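Chain naming here is simple, since letters A, B, ... match the order of the sequence lines and numbering starts at 1 in each. Bear in mind the structure is a predicted one, so any value in this text is a computation, not a measurement.
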Number of protein chains: 2
Amino acid sequence: MQRAILTVPTLTRYCNELLILSIIGTGKKHGYDLARELEEQSDGFFGFNHGTLYPILHKLEKDGLIRGSWKQEGPRRKRKYYSLTAEGKKYRASLLQQWEGFFTHFRAIIGETAP
Amino acid sequence: MQRAILTVPTLTRYCNELLILSIIGTGKKHGYDLARELEEQSDGFFGFNHGTLYPILHKLEKDGLIRGSWKQEGPRRKRKYYSLTAEGKKYRASLLQQWEGFFTHFRAIIGETAP
DNA sequence: TCTCTATATATAGAAAGTCTACATAACTAG
DNA sequence: CTAGTTATGTAGACTTTCTATATATAGAGA
């Protein structure tokens, strides 16, 4: 059997990427806004450190999965907005599929969570 | 809201612990056997490197979550068998609960996986 | 007997990735 | 005009896994 990319050791990284790609997928976002939306949508459960978020965004952009463009806003303020590329959409779909596999296998081993 | 311990950054570690505690929970196991069972039960999806597994077992033992005891087997062969302590059972239950919370929030953000 | 493979435990150092803290700057409300 | 929020970014510490190596027993096959 082919070993999944979403094994436990790489889990953190792929989960972060999936969260980011999913939120960007709902419309153009800049980094700071993205972190806030993640926190709001999860009732504070998830939260990116900025020192974690920005390097991941840079990496995703370098890999061609998202496209960033600076936008002048106000007289001096600039924000960098990101959107998914076609490759990014494919990548997100593959991560979702991997996630399903992970969840199924993981759940089978850890058992049910009845109280 | 109280921040969960099973956030994305700590996910890998807690997943590994949960897998280990779950398999040990089904009966006394030694390390090598544990790795094999994990691989078999997940159809090869999961697999521990030995360099990862043994340090985790030592840490869990040091923290009083599992108890290890050497057992003479054959004339010269020794194996170290592990079993869950009462504290380990509680810890596993808390990890399971955290996992549920994680999954619910994560799924809400990444959306459905329809093809 | 000898050799190769599997079983079994363990550790050292490399590699990957996140976290904390800091740096910079503009906007906003009082 | 000052304090807090918005906004992006980097450096270095820290945590954890991964790869590779070391050691030793058991069993199968030539």
J.: For the NZ atom on A:Lys28, are there more than 12 heavy atoms of other groups (residues, nucleotides or ligands in this structure) within a distance under 6.0 Å?
T.: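 Counting neighbours around NZ of A:Lys28, 12 or fewer heavy atoms of other residues, nucleotides or ligands fall under 6.0 Å, so no.
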
J.: What is the distance from CZ of A:Phe46 to P of C:dT18, rounded to the nearest Å?
T.: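 About 14 Å, once rounded to whole Å.
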
J.: Return no unless some side-chain N or O of B:Asn16 is found under 4.0 Å from OP1 or OP2 of D:dT16.
T.: no

J.: Looking only at non-hydrogen atoms, find the nearest pair between A:Thr52 and A:Ile56 and report the distance.
T.: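 Nearest pair, atom of A:Thr52 first, then A:Ile56: O-CG1, 3.3 Å.
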
J.: Give the rounded distance in Å between these two atoms: CZ of A:Phe48 and P of D:dT8.
T.: 14 Å

J.: Grab the two heavy atoms, one from B:Thr85 and one from B:Ile66, that are nearest each other, plus how far apart they are.
T.: CG2-C, 3.8 Å

J.: Once you round it to whole Å, what is the distance between P of C:dG17 and CG of A:Asp63?
T.: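 Answer to the nearest Å: 11 Å.
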
J.: Output one letter per nucleotide in nucleotides 25-30 of chain C: B when a protein non-hydrogen atom lies under 4.0 Å from the base, S when only the sugar-phosphate is that close, - when neither is.
T.: -BS---

J.: Is the phosphate of D:dT17, meaning OP1 or OP2, less than 4.0 Å from a side-chain N or O of A:Arg13?
T.: no

J.: Indicate, with a heavy-atom threshold strictly under 4.0 Å, whether A:Gly51 touches base, sugar-phosphate, or nothing.
T.: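 Base contact.
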
J.: Under 4.0 Å between a side-chain N/O of A:Asn49 and OP1 or OP2 of C:dT18, yes or no?
T.: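 It does not, given that no N or O in the side chain of A:Asn49 lies less than 4.0 Å from OP1 or OP2 of C:dT18.
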
J.: Nearest to the A:Tyr32 side chain among D:dT6, C:dT9, D:dT17, which nucleotide is it?
T.: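 Ranking D:dT6, C:dT9, D:dT17 by closest atom to the A:Tyr32 side chain puts D:dT6 first.
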
J.: Taking only side-chain N and O atoms of A:His50, does any of them lie within less than 4.0 angstrom of OP1 or OP2 on D:dT8?
T.: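 It does not, given that no N or O in the side chain of A:His50 lies less than 4.0 Å from OP1 or OP2 of D:dT8.
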
J.: Taking all heavy atoms of B:Ile24 and all of B:Lys29, pick out the closest pair and write down the distance.
T.: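 For B:Ile24 versus B:Lys29, the nearest heavy atoms are CA-CG, 4.4 Å.
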
J.: Could you check which residues of residues 52-59 of chain A get a heavy atom under 4.0 Å from DNA chain C? Sort them by number, please.
T.: A:Thr52, A:Ile56

J.: Between B:Ser42 and A:Ile109, what is the shortest heavy-atom contact and its length?
T.: CB-CD1, 3.9 Å

J.: Run the salt-bridge test on B:Arg107 and B:Glu100 with the 4.0 Å N-O cut-off and return the result as yes or no.
T.: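 Salt bridge flag = no for B:Glu100 with B:Arg107.
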
J.: Could you state the atom-to-atom distance from NZ of B:Lys62 to P of C:dT11 in whole Å?
T.: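 For the pair B:Lys62 NZ and C:dT11 P, the rounded distance is 13 Å.
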
J.: Does A:Arg36 put a side-chain nitrogen or oxygen below 4.0 Å from OP1 or OP2 of D:dT5?
T.: no

